[in-house]
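The sequence lines fix the lettering, A, B, ..., with proteins before strands; numbering per chain opens at 1. Note that the coordinates shown come from a computational prediction; the quantities given were computed from them, not determined experimentally.
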2 protein chains.
Amino acid sequence: MNSLGETIRKLREDKELPLRTVAAFLDIDQAILSKIERGQRNANRKQVIKLAEFFKVKETDLLISWLSDKLVYEVADEDVALKTLQVAEEKVKYNKTKRK
Amino acid sequence: MNSLGETIRKLREDKELPLRTVAAFLDIDQAILSKIERGQRNANRKQVIKLAEFFKVKETDLLISWLSDKLVYEVADEDVALKTLQVAEEKVKYNKTKRK
DNA sequence: ATTTATTTTGAATGATTTTGTCAAAAGTAC
DNA sequence: GTACTTTTGACAAAATCATTCAAAATAAAT
């Protein structure tokens, strides 16, 4: 249930790699990676995919972690956060059946 | 389970009001309202609140509808959409307990 | 069917947000 | 202390988003 940032920081530290190394692989400045790891910046899809490749973890897992972070952020200061997520879920389910 | 746009279009048509009238109340161009009703543009919070006032419906209901639309949009083309929403839900729940 | 009212579209513009770079400051380990 | 890593914040470029406007399309009324 960790954020993407926490997840990749742990992966990186377990391998004892500096930000520099991972950032180079992603082709971004290490400052950005630092911010991503601490949840100060959002990664983009390409970066998430490359991170999965780099750390050899399931791409889908990382994508879900990343996307759900974005959703949580979007409803963060709403007291209707939970309700909103539940309604969104129903809408997605409904769209699924509807589409063809 | 309707989108915000569908909801307010119905409200407006039931009262047989032109876009112009509602748009004037919101202090926006009618073109924008037209787009909002058809889901081509996102409303902002202030507009949603004014819409609730105008149509005399529960502000919270409209806000949830609006916010959930945004979430659905964000995960729309993901095949992990549902999973993502569920994970987001867990994260929100977790944050709730954590935050004192 | 012509006129009138309403709605939709899209191009242009402006504002805001996002994304990134860089260099200096802060922190860690030796 | 020095060397290395991480964090910070100012700044610029790019991308996204909101808005306006006028014209085109649609619908309604007579």
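Between B:Ser34 and the phosphate of C:dT7, there is no side-chain N or O to OP1/OP2 separation shorter than 4.0 Å. Side-chain nitrogen and oxygen atoms of B:Gln40 include at least one within less than 4.0 Å of the OP1 or OP2 phosphate oxygen of C:dT9. Using a 4.0 Å cut-off, no side-chain N or O of B:Arg20 falls inside it from OP1 or OP2 of C:dA5. Between C:dT9 and B:Arg38, a contact under 4.0 Å exists linking OP1 or OP2 to a side-chain N or O.
The distance from atom NZ of A:Lys46 to atom P of C:dT18 is 19 Å, rounded to the nearest whole Å. As rounded to whole Å, 14 Å separates atom P of D:dA18 from atom CZ of B:Arg45. At whole-Å resolution of the value, CG in A:Leu33 and P in C:dT19 are 15 Å apart.
More than 12 non-hydrogen atoms from other residues, nucleotides or ligands lie less than 6.0 angstrom from CG of B:Asp14. Surrounding NZ of B:Lys15 are more than 12 heavy atoms belonging to other residues, nucleotides or ligands, all under 6.0 Å away. The environment of CD in B:Glu16 is sparse: at most 12 heavy-atom neighbours from other residues, nucleotides or ligands sit within 6.0 Å.
With salt bridges taken as basic N to acidic carboxylate O contacts below 4.0 Å, none links B:Arg45 and B:Glu59.
Within the 4.5 Å cutoff, no side-chain heavy atoms of A:Glu53 are placed close to those of A:Lys56.
Atoms CG and NZ, from B:Leu4 and B:Lys70 in turn, are 11.0 Å apart once rounded to the nearest 0.5 Å. Atoms CG and CD, from B:Leu85 and A:Gln86 in turn, are 10.5 Å apart once rounded to the nearest 0.5 Å.
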Under 4.0 Å protein heavy-atom contact, by nucleotide of nucleotides 19-30 of chain D - B base, S sugar-phosphate only: BBB---------
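Relative to the six-membered ring of B:Phe25, B:Lys50 meets both conditions, a distance below 6.0 Å and an angle of at most 45° to the axis.
Near DNA chain D, meaning a heavy atom under 4.0 Å away, the residues from residues 2-19 of chain A are A:Arg9, A:Arg12, A:Pro18, A:Leu19.
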